[in-house]
Structures are given as C-alpha cells and as structure tokens.
2 protein chains.
Amino acid sequence: MNFSLDDIQQKFRGCGLKSTPQRTAIYQALVHSTAHPTAEDLFAQVLPTYPMLSLNTVYYTLGVLRTAGLVQEVNIGHDRARFDANLSPHHHVICLGCQTILDVMDPKLNRLTSPSGLPKDFEITQYQVAFRGYCGPCRQSKASNTASSSGKRPISQ
Amino acid sequence: MNFSLDDIQQKFRGCGLKSTPQRTAIYQALVHSTAHPTAEDLFAQVLPTYPMLSLNTVYYTLGVLRTAGLVQEVNIGHDRARFDANLSPHHHVICLGCQTILDVMDPKLNRLTSPSGLPKDFEITQYQVAFRGYCGPCRQSKASNTASSSGKRPISQ
DNA sequence: TTGATAAATAGGAATGATTACTAAAAAGGA
DNA sequence: TCCTTTTTAGTAATCATTCCTATTTATCAA
Ligand SMILES: [Mn+2]
Ligand SMILES: [Mn+2]
Ligand SMILES: [Zn+2]
Ligand SMILES: [Zn+2]
C-alpha cells in the first residue's frame, strides 16, 4: 500500500497518463487514506502543498484515474462521490450516523453466486455488498439524544 | 402489490400521515413501478392528473414517506436519488449503460453472515448487494458503437 | 537541447438536483 | 363548524459537479 513517487510515475505512464505533481499528490493522498474521501477532502489535503491547486483539477484527475482503472468511486448515497484507490475486491460498512465507510475484506463475500431470476442476456461484471448500521459512538449519541440529530443527516437505503 | 385507494389511505393514517390526492398519487405511482424512478420521473407521471403539482411536493412527499418507512431510497450513484416502495428484503442489478435497476429477490442473498473484521461495537442493521453490469441492449450498443454513448437516460416506468 | 503537440491545470461560469422559505390551501379532530 | 397542524406550490437559494477556455506543462521526436 506504500508507493514511492517513482512507482506512481511508472503506474501513470503505464496507463498513458502524464505524471504531474498535482496528479501524483492527489493519487498519493487517496492511496494513503482509508476513509474513502470526497473530492473536496482530497483538495483540502493537498492544498497546503500546492496552494494554486484547483478543485476542478481534483475532479478532473479523479475522473481520469477512474477511467484508467486506478481508482473506483464508492457510492454510499446520491449526495457526494467518494473515492477509493483500493482495487482489491472488497466491500463496505457504512455508518448511517456519521457516514464513515469501513472496508470489509471478508473473502466469503467474494464468492457470491450469480443471482437467480436475471435476464439471461444480462452480463454481471462486478458486485458489491453495502452493510449499513451504526458505529459505537453513533449508537451512543442515538441512545442518549433521541430528538436532536448529531449534525449530519443520515442517508437511507 | 396492488392497493386500493382505501388501502393507501389506511396505510397513511396508520403512520400518522394525512391522506391527500397528491400524496396518494405519488405513492401509487411508485408502488406500481418496478423501475426505481427518480423524483422527477414520478413528477412527470403524476403531472397529467394534477397539473398544479409541484416537483417540490414530490420531494417533500418522498421524504415524508421515507421517514415513515413506507419508501426506501436506492442509491446507484451520487447523481440522482431513486426510490423504491418494495420493502421486502431484496437486492439490485444495475446496468452501467442505461442505469436500469432490476430487483433481485434471490433468498440466498438474504442469509449473508455478518462480515469478519468489524469493530465489535458496530451494529449492522441491514445490507444490500448491488450487482453491476450491462443489459442485453447495452451490451450490443457497447460492442457495435464504441465511441458514441447511447445516451445515459434511465428507462423509467 | 529544442520545438512540436497533446494533455493538464486553474479560474470562472454554468448546470442541475435538492433544499429552504413562505403564504395559501386542505385534512383531521373536537 | 372551527381550530390546529400538515401539506402544497411557488420562488429563491444551495451546493456538488461539470463546462469552457486560456495558459502552462509533460512527453516525445528531431
Ligand atoms: Mn474501500
Ligand atoms: Mn428494488
Ligand atoms: Zn458513526
Ligand atoms: Zn442497459
């Protein structure tokens, strides 16, 4: 999970992408994160090092990396896109209170059989399991504080 | 799956919700759909019957129904919220080409064991499997027409 | 090393789904 | 019926994301 700058440059070149300082910094920030950050999260993280960085560039970069297959988008709701540089097959646990996303690497989940009742011309390319619930802190604030929400509104599904 | 107007009124009253023509029409449209429509889809569908209907009311109504537990939000991406009145545990197949969402009722998928490696204070309340791939028509247009996208409008209703 | 070329960047403007605000209408209960 | 609370509809605001475009930069070939 730890790449040198040369590794990253190699990886970019291998995909036909130019290697730029901004792009490298954005990708590196994502690789080092386990929080499935938003574009704005990454922007804020890289900005101190590149004060001229544009949020637009972060979106553009993430789009390019996604097209190149170096990054995947994780959708926990329709509100904001969250990104993941972890390409190994894995699944997610989402806290409905604080929107935290945790990785689930359980190998049992990677052997699900194709679902029954599908149109036979439908080709499944991947699947992902989203577990939802409440993390420890959010369970507490739910129990103690019934009425007032703890700030962020939960997503549903 | 087929409710009379009285059934719906009963259901609303049972949740402490007022029964209004607009609300009934919106809910009925959703119940009769298997397409997981957007708020705007439902708006368009109900508008001919209630020409003064506001899209705002559709959003408000869906929010109320979701809070009451009569409707769930299905997130296939971060772009637009899609809704589902099917509350029985089921999963989804999503076409990456045309954004169509199909229901998957495979009972095998409702017996997944809790994933390993979770913080022990995390409480899972539900989970959902999202299969992704390409439907028959989209596989064809992908094969024949590499460059031009076939338009990414979901097939509604 | 240099120059050509295509890609990347930054900034500003635009888009579009959703929410906020609010006055008027309507539903449900007494 | 009358009262209270929701609901509705219209408009404006918000905010994530995309579009547009001039400038800069990385890469490659001469
Ligand atoms: Mn992940
Ligand atoms: Mn469904
Ligand atoms: Zn939490
Ligand atoms: Zn399709």
Side-chain angles (χ1 to χ4, degrees), chain A residues 5-6 8-27 37-44 46-47 49-68 70 73-83 99 149 152-156, chain B residues 5 8-27 37-44 46-47 49-68 70 73-83 99 149 152-154 156:
Chain A
L5 292 187
D6 274 353
I8 292 181
Q9 176 151 353
Q10 201 101 35
K11 195 174 279 207
F12 287 168
R13 306 276 288 276
C15 297
L17 303 179
K18 292 185 179 176
S19 177
T20 70
Q22 295 96 326
R23 176 169 294 176
T24 303
I26 292 165
Y27 181 64
T38 65
E40 199 139 13
D41 290 336
L42 293 167
F43 176 63
V46 176
L47 194 61
T49 315
Y50 295 93
M52 305 308 284
L53 181 69
S54 152
L55 176 57
N56 199 344
T57 298
V58 179
Y59 276 108
Y60 175 80
T61 299
L62 289 170
V64 165
L65 295 179
R66 187 188 45 189
T67 301
L70 295 180
E73 222 176 291
V74 181
N75 302 125
I76 67 166
H78 63 280
D79 49 349
R80 283 145 72 141
R82 301 182 59 165
F83 297 88
Q99 323 276 304
S149 71
K152 304 208 149 193
R153 70 209 133 104
I155 60 165
S156 56
Chain B
L5 291 186
I8 292 181
Q9 177 152 351
Q10 201 100 37
K11 196 174 277 209
F12 286 169
R13 306 279 286 276
C15 296
L17 302 178
K18 292 185 179 178
S19 178
T20 70
Q22 294 97 325
R23 178 169 292 175
T24 304
I26 292 164
Y27 181 64
T38 65
E40 199 139 12
D41 290 335
L42 293 167
F43 176 63
V46 175
L47 195 61
T49 315
Y50 295 93
M52 306 305 285
L53 181 70
S54 152
L55 176 57
N56 199 344
T57 298
V58 179
Y59 276 108
Y60 174 80
T61 299
L62 290 169
V64 165
L65 295 179
R66 187 187 47 188
T67 301
L70 295 180
E73 222 176 288
V74 181
N75 302 125
I76 66 167
H78 62 280
D79 48 349
R80 283 147 67 139
R82 301 184 60 166
F83 296 89
Q99 320 278 304
S149 76
K152 47 182 285 188
R153 281 294 129 74
S156 59

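Within every chain, numbering begins at 1; the chains are lettered A, B, ... in the order of the sequence lines, protein sequences first and strands thereafter.
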Next on the checklist: How long is the straight-line distance from CZ of B/Arg13 back to CD1 of B/Ile8, given to the nearest 0.5 Å?
Outcome noted: 14.0 Å
Next on the checklist: Quick check on contacts: within residues 50-59 of chain A, what sits under 4.0 Å from DNA chain C by heavy-atom distance?
Outcome noted: A/Met52, A/Leu53, A/Ser54, A/Asn56, A/Thr57
Next on the checklist: Expressed as a whole number of angstroms, how long is the span from A/Arg80:CZ to C/dT19:P?
Outcome noted: 14 Å
Item to check | Heavy-atom side-chain proximity of B/Gln99 to B/Arg80 below 4.5 angstrom | outcome: no
Checklist outcome for this item: When A/Pro21 and B/Gln9 are each assigned the nearest nucleotide of DNA chain C, the 5'-most assignment goes to A/Pro21
Next on the checklist: Measuring only between side-chain heavy atoms, which start at C-beta, is B/Thr38 closer than 4.5 Å to B/Asp41?
Outcome noted: yes
Next on the checklist: Is the shortest side-chain heavy-atom distance between A/Val46 and A/Gln22 below 4.5 Å?
Outcome noted: no
Checklist outcome for this item: Residues in residues 10-17 of chain B with a heavy atom under 4.0 Å of DNA chain C, by number, are B/Arg13
Next on the checklist: Just the rounded figure in Å: distance from C1' of C/dA17 to CD of B/Glu73.
Outcome noted: 12 Å
Checklist entry - Between A/Gln22 and C/dA10, does any side-chain N or O lie under 4.0 Å from OP1 or OP2? => result yes
Item to check | Given DNA chain C, 5'-ward residue of the pair B/Ala39 and A/Tyr60, judged by closest heavy atom | outcome: A/Tyr60
Checklist entry - Does the C/dA26 base have a donor-acceptor partner in the side chain of B/Lys18 within less than 3.5 Å? => result no
Checklist outcome for this item: Span of DNA chain D engaged by chain A, first through last nucleotide within the 4.0 Å heavy-atom cut-off, is D/dA16 to D/dC28
Checklist entry - Short question: side chain of A/Arg23, backbone of A/Lys18 - any donor-acceptor pair under 3.5 Å? => result yes
Next on the checklist: Just to verify, what does A/Thr24 make a side-chain hydrogen bond (donor to acceptor under 3.5 Å, both in side chains) with, not counting sequence neighbours?
Outcome noted: none
Checklist entry - Under 4.5 Å between any side-chain heavy atoms of B/Leu42 and B/Leu62, yes or no? => result yes
Item to check | Check: B/Asn75 and A/Asn75 side chains under 4.5 Å, non-hydrogen atoms | outcome: no
Next on the checklist: Regarding B/Thr61, tell me which of base, sugar-phosphate or nothing describes its non-hydrogen contacts under 4.0 Å with the strands shown.
Outcome noted: sugar-phosphate
Next on the checklist: With heavy-atom distances below 4.5 Å as the criterion, would you say the side chains of A/Leu70 and A/Phe12 are in contact?
Outcome noted: yes
Item to check | Degree of bending in the helix from C/dT1-D/dA30 to C/dA30-D/dT1 once both end axes are built from five pairs, to 10° | outcome: 40°
Item to check | A/Glu73 atom CD: more than 12 heavy-atom contacts under 6.0 Å | outcome: yes
Item to check | Contact check, side chains of B/Leu17 and B/Leu65, non-hydrogen atoms, under 4.5 Å | outcome: yes
Item to check | Atom-to-atom span, CZ of A/Arg23 to P of C/dA10 - whole angstrom | outcome: 11 Å
Checklist entry - Quick one: side-chain contact (heavy atoms from CB on, under 4.5 Å) partners of B/Asn56, sequence neighbours excluded? => result B/Ser54
Item to check | Sole residue of B/Thr49, B/Thr57, B/Leu55 in side chain to side chain contact (heavy atoms under 4.5 Å, CB included) with B/Leu53 | outcome: B/Thr57
